[in-house]
Amino acid sequence: MSDRRVRVRFAPSPTGPLHMGGVRTALYNYLFAKKLGGDFLLRIEDTDQARFVPGAEQYIVDALAWCGISPDEGIGVGGRLADHGPHAPYRQSDRKPIYRQYADQLLAAGHAYFAFDTPEELEAIRERAKSAGNPNWQYNSITRTSMKNGLTLPEDEVSRLLASGHPYVIRVKMPRNEEVKFEDRIRSWVSVNTLNLDDKVLLKGDGMPTYHLANVVDDHLMEISHVIRGEEWLPSAPLHVLLYRFFGWEQPEFAHLPLLLRPDGNGKLSKRDGDRLGFPVFPLNWVNEETHETASGYRERGFYPSGFVNMLAFLGWNPGTNQEIFTLDELVEAFSIDKVHRAGARFDFEKATWFNQQHLRQRSPEVLVEEYRAGVQAEYGIAVSEDFAAKAIALFLDRAEFVSDLVGAAPYLFARPDAYEPQTVAKKWTSESGSHLGQLVALWEATDYREESLEAAFKAFLADSGLGFGAVGPVLRLAIAGTTQGPSIFGVMELIGRLECEARVAQAVAQLSPA
RNA sequence: GGCCCGUUCGUCUAGCGGUUCAGGACAUCUCCCUUUCACGGAGAAGAUCACGGGUUCAAAUCCCGUACGGGUCACCA
């Protein structure tokens, strides 16, 4: 549109935890801004005081910080819950005094008017209309002529009502029959006739602006160049276009993002879907203060922010190449708003875990070692060495999607088996098994107890005794790990060491081949 | 219901008038590797590009209808 500096904003309302759809909206804004060398701001839209939820703002800031989506301006810069930037404050409740003058400006220009109808009166009218067969009564260019407002009341009556403190709102005076067109960056031209639009409230009875006024005023004041938001805003975009026109302001470019759909059935993914579908819908855990219920988050589920963000980016966007694994910085480089898909994207948790698996494998070894050690400490209360961690990771990385898999998949690295897989015992453990293991233990005694040596000695034993791998291998696994699943058993043995291995063999023999 | 938006394998998507009887990824299945489980490798199956009309020498790609899906219709964002 113009050559002004790219400035975008993410403007959530603190009515609860931010869900993943919101995070994706923030992400696309961020990617767009960073790709174009612009600014990404976080503004809090808390004009509805009734719906304010304590902790929600902090949650939003924390969630974005975890994802690495860092605001340049507004709230949450540096992960802190404070205003930062030349257009402060960035919390709309703190900007309350600003909006009135703009509503007055519209009033003076004849683009808005006072309305004195109470919520109760409106409710009654809607009820009446509904029973008369009109399910959707609107305060619009037709009905306003029979309502209690600045357009129908005599001037002195309006002044009297205003002076007497009668509650009122300020509504936009929607033009009667006009085609409003704007070019959406993702959907191309969108056009709506004002016949279908109503006289939306701009300034509420409590003096607070509604979203429509606040968003237009703030976007203008904060020099926002592109409004990138969810598709649920598309129906009210024409109103916003009209407001820019009424104010005589340059209109930002619009881009309405496709919605995230539920994996089951239909409809958009909502906060209420929570854990009901077996996966988190929030980036971070959220504890409901009233019910004390916890809604689970991707972070606590073991996701890396990079994997989570990568997955989100691909829900509705694609670089046009076959590359799917991206870091945040790579996403910035590859991102283009024009490649955002138009249709809603159904979320698939399995693919989400695949993304994390890919990111797990791309972790640097040093970082992974530290994550592993911390995980083992937390899970088993054991401090393992870096060397141990590195070896364990090498052994288990191929079968893990999360760090927690690395830690949790092998409890037998940290404790003796307390049970032996019954099916395998029944199938593989014979009267000879104890003797075989005894001979192996003796053979291994002479080795350095490294994976290769253990395996070599094992093979030599098989050759000498004429036994097949199947006769002894599973038995050995059983004795050491209790299960037949897992990586090279010799690698596991090296890790846990000779003493422990011998003790485990003794335990298995005692339990499975009682003398 | 009105208005708006959308519709390519089960899912996420590539494709922006011809070189595509549609490519990739996840999931599924088969085989190989591994006498385990994974990983990896090779392959298979899976989309008459929602349907119907046009436009064009030529359409998944452009236009119009229809169907279906979604969003939205508050002094909520």
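Since the model is a prediction, treat every value here as computed from it, not as a measurement. Order of the sequence lines fixes the chain letters, A, B, ..., with proteins taken first and strands second; residue numbering starts at 1 for each chain. What's counted below: heavy atoms across the whole structure, side chains too, no hydrogens, waters or symmetry copies.
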Which listed nucleotide (B:A77, B:A14, B:G6) is nearest to the side chain of A:Asp48?
B:A77
Closest nucleotide among B:U36, B:G71, B:U35 to the A:Glu232 side chain
B:G71
Under 4.0 Å from any atom of RNA chain B, heavy atoms only: list the residues of residues 393-408 of chain A that qualify, in numerical order.
A:Asp398, A:Arg399
Side-chain donor-acceptor distances from residues 457-475 of chain A under 3.5 Å, at least two apart:
from, atom 1, to, atom 2, distance (Å)
A:Lys459, NZ, A:Glu455, OE2, 3.2
A:Ser465, OG, A:Phe461, O, 2.7
A:Ser465, OG, A:Leu462, O, 3.4

Pair partner, B:G71 [Watson-Crick or wobble, under 3.5 Å]
B:C3
Write down the distance separating the P atoms in B:A47 and B:G24, rounded off to the nearest Å.
15 Å
Would one find a side-chain N or O of A:Lys339 under 4.0 angstrom from OP1 or OP2 of B:C16?
no
How is A:Arg342 classified with respect to the nucleic acid when contacts are heavy atoms under 4.0 Å: base, sugar-phosphate, or nothing?
sugar-phosphate
Among B:G40, B:C75, B:C4, which nucleotide has an atom closest to any side-chain atom of A:Arg361?
B:G40
What integer distance in Å separates A:Tyr211:OH from B:U72:P?
13 Å
Checking N1-N3 plus N6-O4 or O6-N4 for Watson-Crick, or N1-O2 and O6-N3 for wobble, each under 3.5 Å, the partner of B:A42 is B:U30
I'd like the C1' distance from B:C29 over to B:C21, given in whole Å.
24 Å
Candidate nucleotides B:G71, B:C12, B:A77, ranked by approach to the side chain of A:Leu315 - the nearest
B:C12
Go nucleotide by nucleotide along RNA chain B from the 5' end; which of A:Val190 and A:Ser236 gets its closest nucleotide reached first?
A:Val190
Using the C1' atom as the point on both nucleotides, what is the distance between B:G46 and B:U55, in whole Å?
33 Å
Separation of B:G2 atom P from A:Asp198 atom CG, nearest Å, is 17 Å
A:Arg171 side chain: which of B:A14, B:C75, B:A77 is closest?
B:C75
So, is the end of the A:Arg363 side chain (NZ or CZ) under 6.0 Å from the ring centre of A:Tyr304 and within 45° of the ring's axis?
yes
For the side chain of A:His341, counting heavy atoms from C-beta on, which of B:C75, B:A14, B:U35 is nearest?
B:A14
Below 6.0 angstrom between ring centroids: does that apply to A:Phe282 and A:Tyr298?
no
Sticking with atom C1', work out how far B:C5 lies from B:G10, rounded to a whole angstrom.
24 Å
Spacing of the P atoms in B:A42 and B:C26 (rounded, Å)
12 Å
Can you tell me whether the side chain of A:Arg346 and the base of B:U11 have a donor-acceptor pair closer than 3.5 Å?
no
Picking from A:Phe254, A:Tyr211, A:Phe246, what satisfies ring pair (Phe, Tyr, Trp, His ring centres under 6.0 Å) with A:His240?
A:Tyr211
B:G23 and B:A44: how far apart are their P atoms, nearest whole angstrom?
11 Å
Report which part of the nucleic acid A:Thr484 touches: base, sugar-phosphate, or nothing (heavy-atom distance under 4.0 Å, all strands).
base
Listed nucleotide nearest any side-chain atom of A:Ala343, set B:A14, B:G6, B:C4
B:G6
Heavy-atom donor-acceptor pair, A:Lys351 side-chain to B:A27 base, under 3.5 Å:
no
Pi-cation contact, A:Tyr28 with A:Arg24 (under 6.0 Å, within 45°)
yes
Examine B:A77: is either OP1 or OP2 under 4.0 Å from a nitrogen or oxygen in the side chain of A:Thr47? Give yes or no.
yes
Among B:C39, B:C5, B:C26, which nucleotide sits nearest the side chain of A:Gln357?
B:C39
Which nucleotide in the set B:C75, B:A14, B:G71 lies at the smallest distance from any side-chain heavy atom of A:Val201?
B:C75
As an exercise, state the distance from CG of A:Leu454 to OG of A:Ser488, rounded to the nearest 0.5 Å.
8.5 Å
